[in-house]
Amino acid sequence: MASPYIYTDVLSVSLLVFLLPDLLRRKIKKIFFLKRTNAAYRFYSFLLGIGAAVAEIEPVVFHLWELTDDKGGSPFPDVLEKTNRICAALRERIVLELSGPPRFFSKDELRLFLDKAIWENVYSQVVHILAITRHKKNFNIQGSVSCRFRYQYIFRGDIFSRSFDSKDLLFSTYIDLNLLSIVRPIAQLIKQFLRGVIRPNIEPKKRVGIPLHGNHAKKREDVEGGIVALYMGKSISLNLDDRSDFFWLINSDLPKDKVTVVFYRADIPITDADLDLLDKNGIRYWFIGKTSPNRRIPCWGPAHIPKRRLLGPIGLLGLSLLRHPLSACVHYFPEITRLLYGFILWREFFVHHGIRLAYLPNDFDKYNIAIHSAIRTSGGVGVSNQFSNIWFSSGWLSSNAEVLFLFSPHYERFWKENGSILNSIVYTGYVTDHSFLAAKNKSVHLRNLLLNQGAKTIIAFFDENSSDDSYSTIGHQRVADLYSFLLQWIIQDKEIGVIFKPGYPKTLLSRISGCSNLINKAMETGRCLVVSDGKYVTNQYPSEVSQAADLAVGIYLAGTAVLESLLAGTPTLFLDLEKIYSGELYAWGRDEVIFDSLEGLKTYVVTQRRAGGKFNIHPKLAQWARERDPFRDGHASRRIGQYLEVLFNELSQGQNKEVAIEKANHLHRVRWGSESVSIWK
């Protein structure tokens, strides 16, 4: 007999149509849903009104941070492990089903793109199943239940059920009968495509936003062999003590007049002062898209690319639709078309401007695959770097850069496990360690501000971003409670000073709005500082704050700020309110190197103050930091700059990219050791 309880990821009209026979026969007692459409709610109200159904519908309200295990630990590591396992199994099926445009992308690159797209979807479905499992347990629903998920390419019930090892969850899928939702995105793409093919032939050709003055007026031969730097949202600065996207340029002898900064996000503000700085240094800039965030930035958009080049690959995808209607390429047709469009747009940009080197600070975005592929097929080299402490592998982190700068060999396995397509891995150390010395004067200034107000013990605190989204690991209330605790501590203890360094200062006050009164009281003491420069993300390095403190504290879930603080020489501890008990640090010393409560952290600080007030770096944490930066000399960005100088010079002299990379690898080994470069196999 079918279960009287139904769980679904989306309560839709299509699902209700499929369940209608069982609803009419009163076989269903309750339908639990994680999301619902308005149309489904109205349709079910109609069924109830005419007596065609009596089953109750009830939402499953969940947040990832609340789905703790039996020990009260965070579910995040388990979600990651299951997501990676399911993606690996799906990846094998994808490889067998691939049929796409090899003219533009290698099969491996297309697989990498689909892997990234699938990772996003699998992650959410894993959280859904975890929420269902917990809900079933909390409400003591006995026996097996039916889990009806809307059909997606990524949802294969057998693979998911094996990963959860639960016989009580019976997975099945249903087809979405709303054909309009399937056809609409494809129709929009076809409309845009045809408009791009036909309109240029019936209207006068024009270029969008090509300026006739400034750095952009240089002749093409004057910029041949240039470098593109993708802007990712940090400060636009060439100062050593600013947290800049261009740290690799600051400490190098690369010619700035050969550099072009490319903006691609309209939601990140770019000021006139930012552009004045670029103009002053002879650096050109463009915005890839239709509408730039500053009218001074010229746009490189649809009018610049020949849409006819899309005919071939879209035709191949069309044939795939006919031959393999359930293949991965067809299921992700709109996203693959966008990938192809981006590839042609970027390739035209690189070729037109003579770009030979493209620097992308990170490769999380799946569409960055198009950028690396575009520079590769135009004869150039795509470069990327690790910028945060990584402690897990996933397709989300994968890359197809030809050269990837990593902190140390410790991290290489994560990129091997996620299926990255690389040429060379170059070890450099922590990429912004030049900031430790550069920010020292600012650190001394911050410290004196608190000492002059009577602080005897100064704590630097690094937070992470939060969200009330169901899939977030850190909710707003948790951050508000954390700030509330520390602010009250400052108010009550006249010898404590705290410097807060939020990762996303722009949204902090809105995320902890209930703490405004406490913030005002703490600020009045003079022993509370909030380092909050930044238009989008923070512009200041963690080391600027940590070097002003006697003790620094950072969130275990990320760990990048903690790593930087330790490398800068400040005693630093982990705070793990998410309770990731599977982490190795708990074996090293709970309430010594890692704390799962604010009360425990406060007790530790008070005890150390009574014992003399001296804080030292724990030997295990010192070893932890050494494994992640074998150099620890403050010259990581210089190493990157040296490598890029060799690579750029070789490419500018007409060498092919293979020879240029080999030369740069050789000189890096000579300078920094035979183990400082790893060739990808």
Student: Could you tell me whether the side chains of D363 and S399 share a donor-acceptor contact shorter than 3.5 Å?
Tutor: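 Yes, a side-chain donor-acceptor pair sits under 3.5 Å.
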
Student: What pair of heavy atoms forms the shortest contact from D115 to N418, and how long is it?
Tutor: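 Minimum heavy-atom contact is OD2-O, 4.1 Å.
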
Student: Is any side-chain heavy atom of V426 less than 4.5 Å from a side-chain heavy atom of L406?
Tutor: no

Student: Side-chain contact test, heavy atoms from C-beta onward, threshold under 4.5 Å: evaluate it for R111 versus I421 and give yes or no.
Tutor: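 In contact.
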
Student: Which atom names give the shortest non-hydrogen contact between S467 and W65, and what distance separates them?
Tutor: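 Shortest heavy-atom contact: O-CZ3, 3.5 Å.
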
Student: Any donor-acceptor pair under 3.5 Å linking the side chain of S373 with the backbone of A370?
Tutor: no

Student: Do D267 and R265 meet the salt-bridge criterion of a basic N to acidic O distance under 4.0 Å?
Tutor: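 Yes, R265 and D267 are salt-bridged.
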
Student: Side chains of I390 and L397, heavy atoms from C-beta outward: is any pair under 4.5 Å?
Tutor: yes

Student: Is the terminal nitrogen or CZ of K579 (NZ for Lys, CZ for Arg) located under 6.0 angstrom from the six-membered ring centre of Y586 and within 45° of that ring's axis?
Tutor: no

Student: Strictly under 6.0 Å, is that where the ring centroids of W286 and F263 end up?
Tutor: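 W286 vs F263: aromatic centres not under 6.0 Å.
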
Student: Can you confirm if the NZ or CZ of R338 lies within 45° of the ring axis of Y367 and under 6.0 Å from the centre of its six-membered ring?
Tutor: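 The answer is yes; both the distance and angle limits are met.
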
Student: Could you check whether W300 and F287 have their ring centres less than 6.0 Å apart?
Tutor: no

Student: Between R134 and E66, does any NZ, NE, NH1 or NH2 come within less than 4.0 Å of an OD or OE carboxylate oxygen?
Tutor: no

Student: If we count only N and O atoms by modelled type, under 3.5 Å, do the side chains of W415 and Q386 hold a donor and an acceptor together?
Tutor: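 Short answer, no.
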
Student: Distance alone, cut at 3.5 Å: any donor-acceptor contact between the side chains of N84 and W119?
Tutor: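 Result is yes, a qualifying pair exists.
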
Student: Under 4.0 Å between a Lys/Arg side-chain N and an Asp/Glu carboxylate O for E402 and R376?
Tutor: no

Student: Check the side chains of Y581 and D576 for a donor-acceptor pair under 3.5 angstrom, ignoring hydrogens and angles.
Tutor: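 Judged by distance alone, the side chains do not pair up.
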
Student: Looking at every heavy atom in both I86 and S163, which two are closest together, and how far apart are they?
Tutor: CG1-OG, 3.2 Å

Student: Would you please name every residue forming a salt bridge (Lys or Arg N to Asp or Glu O under 4.0 Å) with D633, sequence neighbours left out?
Tutor: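 Here the qualifying residues are R639.
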
Student: Using ring centroids (six-membered ring only for Trp), state whether H353 and F349 fall under 6.0 Å.
Tutor: yes

Student: Could you tell me if the side chain of L34 sits less than 4.5 Å from the side chain of I132, heavy atoms only?
Tutor: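 In short, these two side chains touch, coming nearer than 4.5 Å.
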
Student: Any salt bridge between R669 and E675, counting N to O under 4.0 Å?
Tutor: no

Student: Ring centres of Y359 and F648 under 6.0 Å apart?
Tutor: no

Student: Which residues satisfy the ring-ring contact (aromatic ring centres under 6.0 Å, His included) test with F574, sequence neighbours excluded?
Tutor: Y556, W624

Student: Heavy-atom distance under 4.5 Å between the side chains of F405 and Y643, does that happen here?
Tutor: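 A side-chain contact under 4.5 Å exists here.
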
Student: Any side-chain heavy atom of S393 sitting closer than 4.5 Å to one from K416?
Tutor: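 S393 does not reach K416 side chain to side chain.
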
Student: Does any part of the side chain of F76, heavy atoms only, come nearer than 4.5 Å to the side chain of I474, both counted from C-beta?
Tutor: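 The answer is no, as the side chains (C-beta and beyond) never meet within the 4.5 Å cut-off.
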
Student: Give a yes-or-no answer on whether the side chains of N665 and S424 include a donor-acceptor pair shorter than 3.5 Å.
Tutor: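 Their side chains do contain a donor-acceptor pair, which is all the 3.5 Å distance test asks for.
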
Student: Side chains of D108 and S106: any donor to acceptor distance under 3.5 Å?
Tutor: no

Student: What's the verdict on salt bridge (charged side-chain N to carboxylate O under 4.0 Å, His left out) for E335 and K366, showing C-alpha distance, side-chain angles and the deciding distance?
Tutor: CA-CA 10 Å; E335 293 176 89; K366 58 180 175 285; 3.5 Å; yes

Student: Under a plain distance cut-off of 3.5 Å, with no hydrogens placed, do S678 and E412 share a side-chain donor-acceptor pair?
Tutor: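 Yes, a side-chain donor-acceptor pair sits under 3.5 Å.
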
Student: Looking just at side-chain N and O atoms, do S637 and N251 make a donor-acceptor pair shorter than 3.5 Å?
Tutor: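 Looking only at side-chain atoms, N251 and S637 do form a donor-acceptor pair, the distance falling under 3.5 Å.
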
Student: Is the centre of the F407 ring less than 6.0 Å from the centre of the F631 ring?
Tutor: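 Not under 6.0 Å, so no.
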
Student: Between E120 and K116, does a side chain to side chain contact (heavy atoms under 4.5 Å, CB included) hold up when you go through it step by step?
Tutor: CA-CA 7 Å; E120 297 171 1; K116 279 179 175 285; 5.6 Å; no

Student: If we ignore angles and hydrogens, is there a donor and acceptor under 3.5 Å between the side chains of Y471 and H128?
Tutor: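 Per modelled atom types, Y471 and H128 side chains form a pair under 3.5 Å.
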
Student: Distance alone, cut at 3.5 Å: any donor-acceptor contact between the side chains of H63 and S470?
Tutor: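 No donor-acceptor contact under 3.5 Å links the two side chains.
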
Student: Regarding R148 and T173, do their side chains bring together a donor and an acceptor under 3.5 Å, going by distance alone?
Tutor: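 No.
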
Student: Can you find a pair of side-chain heavy atoms, one from N121 and one from I118, that are under 4.5 Å apart?
Tutor: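 With C-beta onward as the side chain, the pair stays apart.
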
Student: Any chance the side chains of N389 and Y411 put a donor and an acceptor closer than 3.5 Å?
Tutor: yes

Student: In terms of side-chain geometry, is the basic nitrogen of R356 or E650 positioned less than 4.0 Å from the acidic oxygen of its partner?
Tutor: no

